[in-house]
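Heads up, the thing below is written out as structure tokens.
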Amino acid sequence: MTSTLTTPAPPGERTTNAAAPRGRTRILALPEARWALAALTLFLAALPLYLLEAPAWLWGPLFAAVYVTGGWEPGWEGLKALRDKTLDVDLLMVVAALGAAAVGQVLDGALLIVIFATSGALEAVATARTADSVRGLLDLAPATATRLLPGGGEETVPAAELAVADTVLVRPGERVGADGTVLAGESEVDQATITGEPLPAAKQPGDEVFAGTVNGTGALTVRVERDPSRTVIAKIVAMVEEASKTKAPTQLFIEKVEQRYSVGMVIATLAVFAVPLALGDDLRSALLRAMTFMIVASPCAVVLSTMPPLLSAIANAGRHGVLAKSAVVMERLGQIDTVALDKTGTLTEGAPHITELRPLPGSGLTGDGLLALAAAAEHPSEHPLARAVVDAARERGLPLATASGFASAPGRGVSATVGGHAVQVGSPGRLLPDDAEQARSAAGELEEAGHTAVVVLRDGTPVGVLGVTDRLRPDAAATVAALTELTGRPPVLLTGDNERAARRLAAEVGVTDVRAGLLPQDKAAAVRAWERQGRKVLVVGDGVNDAPALAAAHCGVAMGGAGSDLALETADAVVVRDELATVPAVVRLSQRARRLVVQNLAVAGVFIAALVAWDLIGNLPLPLGVAGHEGSTVIVALNGLRLLRETAWRSTLTGGAE
């Protein structure tokens with residue numbers, strides 16, 4: 001592996017070869033979010049006035065405004081659904097809120113309106129952000145490409161107009177315009193967006209390159225092998241869009257339950273009103289009984305059974321560096337039974353580090369001397385390997401000699417004059433002479449152990465070999481063990497890196513199932529295969545190449561420290577502080593939240609069933625019905641808020657009981 005990295009292209013080249021960045025949708029640009037915020041603000045303004053028993057003319061208009069701002073949109077959508085002969089629960093919730101207000105329970109109805117308005121806003125934000133992330137991915141592909149003409153000239157054309165068999169020129173620092181094969185030139189290409197590999201890959205004639213990857217310091221002539229609509233980047237876009245649309249497999253079941261509940265509640269309410277009236281009851285008494293039924297049968301407690309535990313879990317996780325994007329995400333995290341982990345940037349830190357110093361016999365150098373010599377030559381370079389060498393020397397406090405005559409050669413390495421000696425640092429395969437058996441043996445041992453070998457030559461003679469590797473996260477092994485305990489099976493490693501490096505790292509952390517050399521579509525295909533087997537897969541990754549798998553999985557978690565924008569947007573949850581140990585912790589927190597949801601549903605169900613039975617069989621007084629209904633709501637809300645406590649998070653880290 002050489003020691004040169006992509007150098008920044010001149011400003012002119014960047015502007016001609018990159019699409020204009022697209023803006024991110026602002027939350028308040030969404031009408032659902034604006035209406036929900038207005039309803040919440042009005043509710044919070046009215047609440048203290050109502051609780052302090054201020055005159056009704058003070059809080060009444062505010063509550064009325066809550067009903068209008070938060071309820072008009074779901075009410076209107078419900079009416080349109082009714083026109084299509086579909087009855088949804090949103091319309092019933094608006095009707096229930098109005099019914100509560102009609103019998104004096106203004107606060108109860110307003111709270112119900114605020115809950116549903118907020119839920120609709122969160123759904124709209126999630127949809128908009130998914131669309132933003134897909135548009136952002138399209139920006140990876142360059143807008144234009146330089147096509148070579150048969151007569152020897154060149155022209156700048158839109159990348160979308162390239163055709164198979166066209167020949168394009170990729171200058172240093174430019175993005176590759178199409179998937180293709182290198183015909184001429186040597187360079188290094190940063191293709192982390194596609195394969196996830198932490199280091200640029202050396203390219204020479206016959207090698208494959210991908211659209212959207214960034215060329216290094218050499219010029220490449222590339223023959224287009226795929227239509228622009230079928231590039232790897234285009235496939236990633238399509239897979240993310242497809243997986244996002246099919247993200248919730250239980251949606252059809254929920255819609256069926258919603259329809260049955262809605263129809264049943266309407267029929268029951270009408271029956272509670274009409275039957276006593278037909279049997280001779282007076283109009284006021286029949287109406288009061290029906291309105292009492294509407295209130296006690298209202299699913300406020302059921303709604304709060306689910307949201308407080310999940311929202312409390314979201315808030316607690318957020319305080320400790322894990323952002324779950326919705327209550328649905330928090331619920332799904334507790335359902336997973338299979339975990340797939342990316343390697344670079346997930347189990348590892350995503351940056352190369354010097355791990356081995358091997359001066360050769362007869363060189364007269366110590367390990368520090370070898371490192372200082374290599375660092376002096378590498379100092380002017382911006383390649384990740386060069387930064388790793390220089391950083392290692394600085395960490396040891398080694399003085400660096402002044403280098404002159406610095407030069408870099410794509411695919412080979414760097415050369416410079418240090419202390420009167422010609423020093424070369426780079427790829428063993430390109431720099432070592434045929435008779436350098438000791439150096440080749442040392443490099444081979446390092447590569448066999450999963451390191452990247454970098455050879456150092458002085459005046460044409462090998463003097464040592466450096467071993468470079470991507471450092472494992474300190475909590476990686478403990479995280480793998482915890483996830484194994486939670487799911488009953490060890491995690492699987494899905495990586496675009498080479499097999500040897502992947503297996504070496506997997507052995508260190510306790511992973512036995514390793515799938516290496518994968519492109520983004522291969523990772524997504526593996527996840528879909530598990531999903532078809534009935535598994536609920538959690539994918540943890542950080543790069544653009546992980547996005548299709550993150551989207552296809554039952555739940556996706558992105559590492560936020562060095563994660564790509566697309567991975568962060570596609571994932572259902574983000575580890576903001578890059579602490580891998582928080583992944584099993586948030587899974588445990590989700591499992592506890594789901595247990596509280598079940599407890600709350602049982603409590604809410606008992607209250608609703610008892611109050612409804614009382615109203616139908618006996619004569620439930622309206623104040624007692626309201627008290628029972630509100631009491632069940634308070635109980636389930638307080639039970640759900642238990643997960644806000646600090647002890648709830650600490651216990652998830654240790655795996656103990658709360």
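Rounding to the nearest 0.5 angstrom, the gap separating the CG atom in L589 from the CZ atom in R594 is 13.0 Å. With rounding to the nearest 0.5 angstrom, the CG atom of L373 is 11.5 Å from the CG atom of L398. Separation of atoms CG (L347) and CG (D475) is listed at 9.5 Å; rounding is to 0.5 Å. Here the NZ atom belonging to K536 is positioned 5.5 Å from the CD atom belonging to Q335, to the nearest 0.5 angstrom. Taken to the nearest 0.5 Å, the CG atom of D542 stands 11.5 Å off from the CG atom of L341. Atoms CD and OG1, from E174 and T213 in turn, are 12.0 Å apart once rounded to the nearest 0.5 Å.
For the pair N316 (side chain) and A313 (backbone), a donor-acceptor distance under 3.5 Å is absent. Looking only at distances, no side-chain donor or acceptor of K523 sits under 3.5 Å from a matching main-chain atom of T495. With D179 contributing its side chain and A211 its backbone, the two residues share a donor-acceptor pair below 3.5 Å. Distance alone, capped at 3.5 Å, is enough to place a donor-acceptor pair between the R175 side chain and the G212 backbone. E531 contributes a side-chain N or O that, together with a main-chain N or O of H554, makes up a donor-acceptor pair within less than 3.5 Å. Using modelled atom types, no side-chain atom of T181 and backbone atom of R223 make a donor-acceptor pair closer than 3.5 Å. Side-chain atoms of D342 never come within 3.5 Å of backbone atoms of V540 as a donor-acceptor pair (strictly under, hydrogens ignored). Panel note: side chain D207, backbone Q204; a donor-acceptor pair is recorded below 3.5 Å. In this structure, the side chain of T346 does not engage the main chain of K343 through any donor-acceptor pair within 3.5 Å. In this structure a side-chain-to-backbone donor-acceptor pair under 3.5 Å is missing from S381 to E378.
Side chain to side chain, T469 and R504 meet the donor-acceptor criterion of an N or O pair below 3.5 Å.
Annotation: side chain of V389 is not in contact with side chain of V425 (no heavy-atom distance under 4.5 Å). Residues V480 and P490 are not in side-chain contact: their nearest non-hydrogen atoms beyond the backbone lie 4.5 Å or more apart. Looking only at side-chain heavy atoms (C-beta outward), D546 and V539 stay at 4.5 Å or farther from each other. Put simply, the side chain of T582 reaches to within 4.5 Å of the side chain of W649, judged on heavy atoms. Taking the side chain as every heavy atom from C-beta outward, R458 and L365 approach each other to under 4.5 Å. Between L432 and P462 there is a side-chain heavy-atom pair separated by less than 4.5 Å. Counting heavy atoms from C-beta on, the side chains of R592 and T652 come closer than 4.5 Å. Using a 4.5 Å heavy-atom cutoff, the side chains of V189 and N215 are in contact.
Checked options R440, R358, H451; the residue passing with E445 is R358 (criterion: side-chain hydrogen bond (donor to acceptor under 3.5 Å, both in side chains)). Here the options are T512, D513, V339, V514, the test is side-chain contact (heavy atoms from CB on, under 4.5 Å), and the partner is V492; only D513 passes.
Here the shortest heavy-atom pairing between P428 and A453 reads CD-O, 3.3 Å. Nearest heavy atoms, V527 versus L494: CG2-CD1, 4.4 Å. Smallest separation of non-hydrogen atoms from A375 and L400: CB-CD2, 3.6 Å. Taking each heavy atom of I354 and A388 in turn, the nearest pair found is CG1-O, 3.6 Å. Closest approach of T487 to D337, counting heavy atoms only: CB-O, 3.4 Å. Minimum interatomic distance between L333 and C555 (heavy atoms only, all atoms of both residues): CD2-SG, 3.5 Å.
Summarising the local packing, CD of E437 is surrounded by 12 or fewer heavy atoms from other residues, nucleotides or ligands at distances under 6.0 Å.
A salt bridge is defined here as a Lys NZ or Arg NE, NH1 or NH2 lying under 4.0 Å from an Asp or Glu carboxylate O, and R396 with D368 meets this definition.
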Please walk me through it: do R489 and R535 pass side chain to side chain contact (heavy atoms under 4.5 Å, CB included)?
CA-CA 12 Å; R489 54 169 64 95; R535 297 192 193 181; 3.9 Å; yes
